[in-house]
Protein chains: 2
Amino acid sequence: MNETKKSNTEQLILEAAEQEFLVKGYDGARTTIIAEKAGVTHAMLHYYFRTKEQLFERIVAKNSAVVAQTMIAAMGDPNMSVQERIKSGVASHFDLIVANPQLPRFLLNEIILRPERYHMLYENWQETIGQLFEDLQNEVDQAASQGEIEPIDVRMLFLSIISLNVFPFVAQSFAEPLMGNLITDREKFLAARKAENIETILRRIKKQSI
Amino acid sequence: MNETKKSNTEQLILEAAEQEFLVKGYDGARTTIIAEKAGVTHAMLHYYFRTKEQLFERIVAKNSAVVAQTMIAAMGDPNMSVQERIKSGVASHFDLIVANPQLPRFLLNEIILRPERYHMLYENWQETIGQLFEDLQNEVDQAASQGEIEPIDVRMLFLSIISLNVFPFVAQSFAEPLMGNLITDREKFLAARKAENIETILRRIKKQSI
DNA sequence: TTTACGTATAACAATTTTGTTAAATAGAAT
DNA sequence: ATTCTATTTAACAAAATTGTTATACGTAAA
């Protein structure tokens, strides 16, 4: 109930555009189809957003904030022990992906296709993420030196976390037919997968008994 | 030196098409650009392959064999102990991805966009993969019951393996700017990442000391 | 009421992209 | 030499996609 500020048709177009762009990407989406799905003539689309490009920008802008959010979430809550922090990081990152399951594939593709367009995003992200890496690495190093966990490069750990959490969504339609009944009950699978990813990451940093 | 059987221009077109399609996908690729990159007139492209669609089919056909190969590789060599089998599976799967770094993103996207087109692939894969899952699950269950490893659903394990191995390539251009100097030396990073993924998976199945 | 403004429609224009064709060329087979 | 075939070229046609414009409509302010 918070998006009624803008004219109704403008909003309808934005919603249809988001669906189309997220699923089909910039190249695959068609302005005529977007207009059709929005239930407006396709001239209206150009009236409100001038070009496909500008409409696309709106969708990217709306969604790229979420991406930064997910990356930060994956670093966990600093007010916790290292293990707890990482555990909460995996969990909340996973939850954010579940809430935006189409977003990763979309953005990964668009960034590969037109990297120039996303330079500005990186400048925002780089320092925030860099700082978080630094902090977390310090914590990890300290915990490792006290024998609480195994030493590890947090960037590698981070890459593992987002790999485990994101890939099943990027690859969903690929994996589904191969996994038998594992994925059929979506709720069940999501819960199991979340637990599995947490387990995998925690075991990775767990101190090996000698 | 083994592809000179076909006429030279046909081969040139195929090579250019593979580059374009793998990077830009079906929607993003342009037949004119492919022809240009191949150094032939774009009428030649239609002369040899009639339609963009048919040219695309050729590229898909050529590459989808590799995909089946990677999945099978990820199951490891059955003539080994379970730990060794899984370790070798992760390693050789990783190597296959390194050898075809653009393929995963390409196929994942195309399958999502036009699932119908890939039904035939699944029918081949499903039984092979299903059988491999069954065999491996038996081995794992047995090893687990003897206290050698932790019990686990091999499909979950498989999903983790391909997540860890594939995602960094799918997300390369996204991750690069965020990872600082971690990725700059590609050879070094690949070796480190391979070791990291093996370690992560082996720890996942390692029997916990009590 | 009338003016002004944002919104809507329908028809059209421009551009991009894919696909075709007729005629020219070159080389091998008869 | 002639015929036949595969290849090439250049110009063109068709389709799909994006973008524009002239005109109409409705509503709120003057």
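Labels below follow one simple rule: chain letters A, B, ... track the order of the sequence lines, proteins then strands, and each chain is numbered from 1. What you see is a predicted model; the values in this text were computed from it and never measured.
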task: Looking only at side-chain atoms of A:Arg30, point me to the closest of C:dT7, D:dT8, D:dT18.
output: D:dT18
message: Looking at A:Tyr47, I'd like to know whether one of its side-chain N or O atoms comes within less than 4.0 Å of OP1 or OP2 on C:dA8.
response: no
query: Do NZ/NE/NH1/NH2 and the carboxylate oxygens of A:Arg204 and B:Glu196 come within less than 4.0 Å?
result: yes
- prompt: Is there a donor-acceptor contact under 3.5 Å linking the side chains of A:Asp141 and A:Gln137?
  reply: yes
- request: Respond yes when some side-chain nitrogen or oxygen of B:Thr41 is under 4.0 Å from OP1 or OP2 of D:dT8, and no when none is.
  value: no
message: Rounding to an integer number of Å, can you tell me how far B:Leu45 CG sits from C:dT18 C1'?
response: 10 Å
message: Using OP1 and OP2 only, check whether a side-chain N or O of A:Thr9 sits under 4.0 Å from C:dA8.
response: yes
- prompt: When you measure from the centre of the six-membered ring of B:Phe56, is the NZ or CZ of B:Arg117 under 6.0 Å away and within 45° of the axis?
  reply: no
statement: With A:Asn197 as partner, the option from A:Leu202, A:Leu164, A:Ile161 fulfilling side chain to side chain contact (heavy atoms under 4.5 Å, CB included) is A:Leu164
message: Rounding to an integer number of Å, can you tell me how far A:Glu53 CD sits from D:dG19 C1'?
response: 14 Å
query: Out of D:dG19, D:dT8, D:dT9, which has the shortest distance to the side chain of B:Tyr48?
result: D:dT8
statement: Looking only at heavy atoms, the pair that brings A:Gln54 and A:Phe49 closest together is CB-O, 3.3 Å
query: For D:dT18, does OP1 or OP2 lie under 4.0 Å from any side-chain N or O of A:Thr31?
result: yes
- request: Measure from CD on A:Glu20 to P on D:dT17 and round the result to the nearest Å.
  value: 12 Å
- prompt: With respect to the side chain of B:Ala43, which nucleotide from C:dT17, C:dA11, D:dA10 is positioned closest?
  reply: D:dA10
- line: In whole angstroms, the gap separating C1' of C:dA10 from NE2 of A:His46 amounts to 14 Å
Value in whole Å for how far the P atom of D:dA6 lies from CD of B:Gln11: 20 Å
message: Without decimals, in angstroms, what is the distance between B:Arg50 CZ and D:dT7 C1'?
response: 15 Å
field: Sugar-phosphate only, base, or nothing, as touched by A:Ala29 at under 4.0 Å among non-hydrogen atoms
entry: sugar-phosphate
field: Rounded distance (Å) that lies between atom P of D:dT18 and atom CD1 of A:Ile13
entry: 14 Å
query: Could you give the CE-to-P distance, from A:Met44 to C:dA10, as a whole number of Å?
result: 12 Å
